[in-house]
Visitor: 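Here it is, the structure in full.
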Amino acid sequence: REITDIHSPGTFLDPNAPPRVPTYLVALELASADKKRRKPGSTAWGLAALDLSTGEFRATSGDEDELLMDELGRLGARELCISSERKGDARIERLQSELPKTALTWVHGDRYGAARAKDTVAKKLGADEVKALEPILGDEALVAAGIALGYVEETQAKAVADGKEKREPLRHVQELRPYLPGEALVLDLQARAHLELFRAAGDGGKRGSLIGAIDEAITAMGGRLLGRWLAYPLRESRAIHERQDAVAALVARPTSLDRMREALRAVADLERLVGRVVMQRATPRDLGVLRTTLEQVPVILAEARVASGLDAGGSLRPGDDGFALEADDPSTPRSELLSRLASADACTDVVEYLARALVDEPPVDLEAGDIFRAGFDLELDRLSELAKNGKSMIAAMEADEREKTGISSLKVRYNRVFGYYIEITRSNLKNVPSRYIRKQTTANGERYYTEALRELETEVLSAEDKRTTHTRKLFHELVERVGREVKRLRRLAEALATLDVLGGFARIAEQRSWTRPVVDDGGAIELVDGRHPVLEQLSADLGERFVPNDLVISGDKSLMIITGPNMAGKSTIMRQTALVVILAHMGAFVPAKSARIGLVDRIFTRVGASDDLSRGRSTFMVEMTETARILRSATRHSLILLDEIGRGTSTFDGLSIAWAVAEHLHDHVGAKTLFATHYHELTELCRDKPRSTNHHVEVKEWNDQIVFLRKLLPGPTNKSYGVQVARLAGLPKGVVERAKTVLASLEAQALAAGDASAVERFAPVPRPRMRSKAAQLFLFGGGPGDDEVSEPPAPAMLPVGSAEVIEALESMSLDDLTPRQALERLFELKDLLKKQRKR
Ligand code: ADP
Ligand code: MG
């Protein structure tokens, strides 16, 4: 026996793979994480992602582990190839635990190792290409690319279909596109999950996710491209404006949009079709589908040309009677991008050839019927005629033998084992002539052949045989011929997919009254009547009304504290803001009456432990680790959503952490931050922090019930509706220290006011909370290392006895305590306080 095919998760062209999701094989190369130990031109990691089903091939690199994990998560690789030379690298262990669905394949270090891998890339893409990519990507990404190519070549090219055909599994891989994670708006794993970009939190399905709400693409290629646009939103205003122009131009010309989308309905998955052609797995029906697809192209491109508004020919469509249908007003939006896409190579020569070659509906199976039209190939026609003639000659022989023998039930039959034979039933055996040669006895009679039948048989069968062989050969040539055009076909596929996605954006804009946002570098986000793109859609399905909201956040007013009771709509407003920002960066229109979106570099989100239902993780430690990461990596250009952070169990801890985090963001980061919180005490922060604002989501109390108005209004809430407790872990040291100070101060005040019960039952508490001037000064500016102090803190503010408690708190290593121990310690401290106050 021999190996005919090798399948692995990343190379198998799974016919049942979900059409709108890419199937990546990813190769990864790692270098030392320590910069000093790396060669120049080297990066800590580089990876290459190859989708063999479509030929898409791209590579990226970086130095941070976090970016690597994010990128691998984003790619959702089916299979990850790593050279066995890298065994033992600590990063691989982590990546295995974070990507449980990815199969890890160790490739042989000596066959794919660093030295060989780059040669492989040079051989495939040319040495010049490698030289051009090197400075952009660094060594590791190119090595990774070589590993991916080498692995596919070795496993797939060897698997030859029938010994004669050499498969070229990489023929459709025409280029390696470099990209850098920082080029796109960065959305890490947390943000993607929390904002439900690709999967809804509940059932993990597409419905309820952002992509579910905006996937109006008609083709599978369009669906995949949309996914890529969402995974890598643009950060460059020029490219964004280009897409926006295209959407606007399509919205302005609904007839073209309709016709374009209608024609796209008959467009198949050209990218994957080309993949099957290259892998010699295309069926005759596939090529028939390719023809149908290509037949739509002129219509689609013509409509795109009309819609671009830049049509020199005066907006003529094929089939129009020489005059333009839509007289174009000069103020109607125009689009360079549409015009460029419209001039894509329609591959008319390919479709003409296919139309000439193939019958109207070719079968899936090569032998299941006619594939080629009569007249396409003379030899095939001749063999077909022969095969057909042979059959009628056999029919004639049967009639002839009946007459000669007088056996009216005589039949000439055929089976695979014996070929053609004459069948005589038992009762007629006496009339069998002597020239009949017996072949086989059956229950009902005997089977014979004659010399003449044998001769005829040879002729007929060989004609059939020759016809099949020739058909195979012709089909193979046809596949070859189409295969030679992969580069053009892939480009066309990309143009069609782009038109499809833009058309989907236009359709949504039109149907759901989405608007074109002003995208600029101004750094402000201003929404008038903004809505949540997913909830708006779901509410519409349920016949409910989604309440729109205005929101402004800018460099001058970068920290927005949003208060309001549970279920008021705080989380919704924050998420919708982030989603609108993402849509704008994709070049799409947005659900708002008007919008201005300053470009952002990254969106961070963090949800308080008990609100983080989506991931089933609730430890406070995780919450704090992630908050810490945000504080470390955010910049002035980032957008941060903090939803109920510090929410857990301990009132003072939670509030203190929330406070310290908000303050740090305000004072040191300056990122645009939406901070939703239960702790209405936090609204006090705005008194002293000029770039912060208070907002609340309005509720009305009416007959003892809360009515949710869902309106975001300026100003703080005047009521806290239940605050919860939290434990502390993992924040940067300065923030932790500050949190402790705030905590102590708050406790001290509560005690000083003689309101012991407030320690246990913090809410509801009427405003203003702060009782003494001294306490305010301390809270709002007296923290260690804070240079905004205007007056020294008043030493008399602490009641007797609390100093010891504070000391005990400060020396306590919370990371090392179990929740139970912490609780016990808390009781001890309270007892201590009580005793001292009695003294
Ligand atoms: P919070 O974060 O304040 O607890 P949520 O944002 O989770 O509140 O909102 C609670 C529910 O209210 C959501 O599930 C949503 O269905 C509904 N909701 C929120 N905002 C709106 C709105 N603007 N219009 C209509 N319904 C809304
Ligand atoms: Mg919430």
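Note that the structure is a prediction, hence the values are computed from the model and not measured. Counting starts at 1 for both ligands and their atoms, following the listed order.
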Visitor: For Arg636, does the CZ atom have more than 12 heavy-atom neighbours from other residues, nucleotides or ligands under 6.0 Å away?
Guide: no
Visitor: Do any nitrogen or oxygen atoms of Lys570 come within less than 3.5 Å of a nitrogen or oxygen of ligand 1?
Guide: yes
Visitor: Is it true that the side chains of Glu196 and His194 contain a donor and an acceptor less than 3.5 Å apart?
Guide: no
Visitor: May I ask you to check whether over 12 heavy atoms, not counting those of Lys557, lie within 6.0 Å of atom NZ?
Guide: yes
Visitor: Are more than 12 heavy atoms, taken from residues, nucleotides or ligands other than Arg199, located less than 6.0 Å from that residue's CZ atom?
Guide: no
Visitor: Does Ser571 bring an N, O or S atom to within less than 2.8 Å of the Mg ion (ligand 2)?
Guide: yes
Visitor: Suppose I only count heavy atoms of Phe546 and a 4.0 Å limit; which atoms of ligand 1 are within that range?
Guide: 21 (C), 22 (C), 23 (N), 24 (N), 25 (C)
Visitor: Do ligand 1 and Arg710 have nitrogen or oxygen atoms that lie under 3.5 Å from each other?
Guide: yes
Visitor: Could you tell me whether Arg507 and Asp500 make a salt bridge, using a distance below 4.0 angstrom between a side-chain N and a carboxylate O?
Guide: no
Visitor: With atoms numbered from 1 as shown, which atoms in ligand 1 lie under 4.0 angstrom from a non-hydrogen atom of Thr572?
Guide: 5 (P), 6 (O), 9 (O), 19 (C), 20 (N)
Visitor: Nearest to atom 2 (O) of ligand 1 by heavy atom, Ser571, Ala676, Gly569: which?
Guide: Ser571
Visitor: When you check the gap from the basic side-chain N to the acidic O, do Asp667 and Lys689 get nearer than 4.0 Å?
Guide: yes
Visitor: Quick one: does Ile573 get an N or O within less than 3.5 Å of an N or O on ligand 1?
Guide: no
Visitor: At their closest point, which heavy atom of Leu187 faces which heavy atom of Pro233, and how far apart are they?
Guide: CD1-CG, 3.9 Å
Visitor: Between Leu538, Val547, Val607, which one has a non-hydrogen atom sitting closest to atom 24 (N) of ligand 1?
Guide: Val547
Visitor: Based purely on interatomic distance, does Leu535 place a nitrogen or oxygen under 3.5 Å from a nitrogen or oxygen of ligand 1?
Guide: no
